[in-house]
Amino acid sequence: GRLGNRQPKSSDGLTLETRVMAHLATGKPAPPEWVEFVLMDRFKWPVEYVRSLPLDDGLQLITMLSAEAKVNKSHHG
């Protein structure tokens, strides 16, 4: 799939806000909408470009950004 294939609610009926909060608070998998947001925010890519990326590529980038953030946090307290 592509990053642009989004659903307002997941299969378990959770809203986007709830899914994003669960990801940020507990490390549950990031919703595709969050992946889109982070890629647009970090790399300043337009939404059309981000949504054209294969989902696996977007998730791989997010995984690397997450690892970078964890290492930076461990070095800076």
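All values below were derived from every heavy atom in this structure, side-chain atoms included, with hydrogens, water molecules and symmetry-related copies excluded.
Phe37 has its side chain out of reach of Val20: every pair of non-hydrogen atoms, C-beta onward, lies at least 4.5 Å apart.
Leu59 pairs with exactly one of Leu61, Asp57, Leu55 by the side-chain contact (heavy atoms from CB on, under 4.5 Å) rule, that one being Leu55.
Val38 and Val71 fall into different hydrophobic clusters, where Ile, Leu, Val, Met, Phe, Trp and Tyr residues are linked whenever their side-chain heavy atoms come under 4.5 Å apart, directly or through other members.
Of all heavy-atom pairs spanning Leu39 and Gly58, the tightest one is CD1-CA, 4.0 Å. For Leu65 against Arg42, the heavy-atom pair with the smallest separation is CD2-NH1, 2.9 Å. Among all heavy-atom pairs drawn from Met40 and Val50, the shortest one is CG-CG2, 3.5 Å.
Legend: residues meeting side-chain contact (heavy atoms from CB on, under 4.5 Å) with Thr63, ordered by chain and number and at least two apart, are absent. Annotation: side chain to side chain donor-acceptor pair (under 3.5 Å) contacts of Glu17 (sequence neighbours excluded): none.
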List, one per line, each side-chain donor-acceptor pair under 3.5 Å for residues 21-30, sequence neighbours excluded.
unit_1 : atom_1 : unit_2 : atom_2 : d
His23  : ND1    : Lys28  : O      : 2.7
Thr26  : OG1    : Ala22  : O      : 2.5
Thr26  : OG1    : Lys28  : N      : 3.4

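From Leu53, atom CG reaches atom CD of Glu48 across 12.0 Å, with rounding to the nearest 0.5 Å.
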